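Quick caveat, the model's predicted, so the values are computed rather than measured.
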Number of protein chains: 2
Amino acid sequence: MSRAYKPDETRRQILEAAYGVIHRHGFQAAGLTDILALTGVTKGAMYHHFPNKMALGYAVVDEMVKDYLEDWWLAPLEVEGDDDPLAAIARTIQNNMTGRVPDIHLLGCPLNNLAQEMSPIDGGFRQRVEELYRAWRRRLSRALTRGQHSGKVNATADTDEAATLIVAAIQGAFSQTKSAQSMAPFHDCMAGLNRYLMGLRP
Amino acid sequence: MSRAYKPDETRRQILEAAYGVIHRHGFQAAGLTDILALTGVTKGAMYHHFPNKMALGYAVVDEMVKDYLEDWWLAPLEVEGDDDPLAAIARTIQNNMTGRVPDIHLLGCPLNNLAQEMSPIDGGFRQRVEELYRAWRRRLSRALTRGQHSGKVNATADTDEAATLIVAAIQGAFSQTKSAQSMAPFHDCMAGLNRYLMGLRP
DNA sequence: GTAAATTCATACTCCCCGGTATGTCCCGCG
DNA sequence: CGCGGGACATACCGGGGAGTATGAATTTAC
């Protein structure tokens, strides 16, 4: 018969439930009771896998949010044999608007949400979130530099500057979308960002 | 002699203290005790002026955050006899980077902070925050339209789209700045935004 | 000048929620 | 086979923060 104890699966369930609840309500407003009720796992099991709520939050950033960022925003920038980062960025944006669960963007960006809420309160969160932001900017910047070498991006453009603005536009789009509870600002913003990207052509 | 009871001044003190604490720690993490300790006002006085913590938060948005937005981001767009909105926007950005208390931006944008934290949790917050966002976009959009009429802005540009992107870039700049605890992303982002604005010239 | 309403102070209540203590069950290992 | 440690369950604790009850001081109204 199937095993009764599956510790890593249990840990995984907790992480995913926590990721969902935190995405919806924020870290502070996310009650352990809510998370546990969502999984069927009990508090004892949860405190066996994580020493406290903070550690659970850290794990959510380190594992879940990091994966989200990688899968939806970073990996698409570096598909094999692609030397046109501007097209890749536009494709990534398009992919995010159409490829995901509809209205998931109304909840905001998992990274930006946590950054806003937790960075000023807790150093551990701040450090982890900042690491993800830096990775995002660096990967974007490098992609743009490669584009400059292949002649697809204006050689005079400051790639760090452009990377920061692109990240900011995406974060800001999420932010407005969340408050508006409508995708309209998101679409407007991505259209504007596309226009900006055109301006980076040689 | 001076009066002992000054209700509107008391109310004002509470609002300003609440605004500061909420700006630093967020609404949920802001304890009434902290706010009151900062003012010397007691809990009884506070609950006389505001029915509960939510109402206090609403008042902070309606009065303090609204004023902040008006003073630092909206009014500078509409100085008398100015027909060049792109220059006005660049000036507003510059004004925000130099004219305020240093490192105030490390705390994030008061509006964006509340938007991120409270919009998904409470409808009252969401509605108020969204109203401010809409006002911001509209005022920007109208300024750009005026610029089109005076020939200072490319007539083919979509002003709503541009307004949304500008707001997004500013919000995103704040967000990254807050996590980085460094003004570098803010400066990069504003430089990139300026480059985008150049692209809106006829 | 006095009653009524407003403004503020103090002490207390209540409850939610993170955290703990303790016990049981299961699995691996000799 | 049994024993020791890992995996999970249940019940309880304690603190902190929002909210309240009550009363005193002050201003206003008539």
Spacing of H48(B) atom NE2 relative to dT7(C) atom P, expressed in whole Å: 4 Å

Evaluation steps, side chain to side chain donor-acceptor pair (under 3.5 Å), between Y19(A) and D67(A): CA-CA 11 Å; Y19(A) 176 71; D67(A) 282 0; over 6 Å; no

Evaluation steps, salt bridge (Lys or Arg N to Asp or Glu O under 4.0 Å), between D83(B) and K152(B): CA-CA 8 Å; D83(B) 65 342; K152(B) 299 287 178 66; 3.3 Å; yes

Proximal nucleotide (of dT28(D), dG19(D), dC25(C)) relative to the K53(B) side chain: dG19(D)

Separation of dC16(C) P from K43(A) NZ (nearest whole Å): 13 Å

Integer-rounded Å distance: dA11(C) P and L36(B) CG: 15 Å

M46(A) CE - dT10(D) C1' separation (whole Å): 16 Å

Sugar-phosphate, base or nothing in reach of G44(B), heavy atoms under 4.0 Å: base

Euclidean distance, atom CZ of residue R3(A) to atom P of dC25(C) [Å, nearest integer]: 19 Å

Sugar-phosphate only, base, or nothing, as touched by A30(B) at under 4.0 Å among non-hydrogen atoms: sugar-phosphate

Derivation of the side chain to side chain donor-acceptor pair (under 3.5 Å) call for N113(B) and K178(B): CA-CA 10 Å; N113(B) 288 3; K178(B) 195 162 121 181; 3.0 Å; yes

Touch class at under 4.0 angstrom, heavy-atom based, for K6(A) against every strand present: sugar-phosphate

Any residue meeting ring pair (Phe, Tyr, Trp, His ring centres under 6.0 Å) with F125(B), in chain and number order, not counting sequence neighbours: F27(B), Y58(B)

Out of dG18(C), dC27(C), dA9(C), whichever nucleotide has its closest atom nearest the side chain of A4(A): dC27(C)

Under 3.5 Å donor-acceptor pair, Y5(B) side-chain atoms to dT7(C) base atoms: yes

d(CG, L32(B); P, dT13(C)) in whole Å: 20 Å

Short side-chain N/O contact to dC8(C) OP1/OP2 from T10(B), under 4.0 Å: yes

N52(A), nearest nucleotide to its side chain (from dG19(C), dA7(D), dA24(D)): dG19(C)

H105(A): partners by ring pair (Phe, Tyr, Trp, His ring centres under 6.0 Å), with sequence neighbours left out: F174(A), F186(A)

Phosphate OP1/OP2 of dT6(C): any H49(B) side-chain N/O under 4.0 Å: no

Length of the OH-P vector between Y47(B) and dT13(C), whole Å: 17 Å

Distance, rounded to the nearest Å, where I35(B) contributes CD1 and dG19(D) contributes P: 12 Å

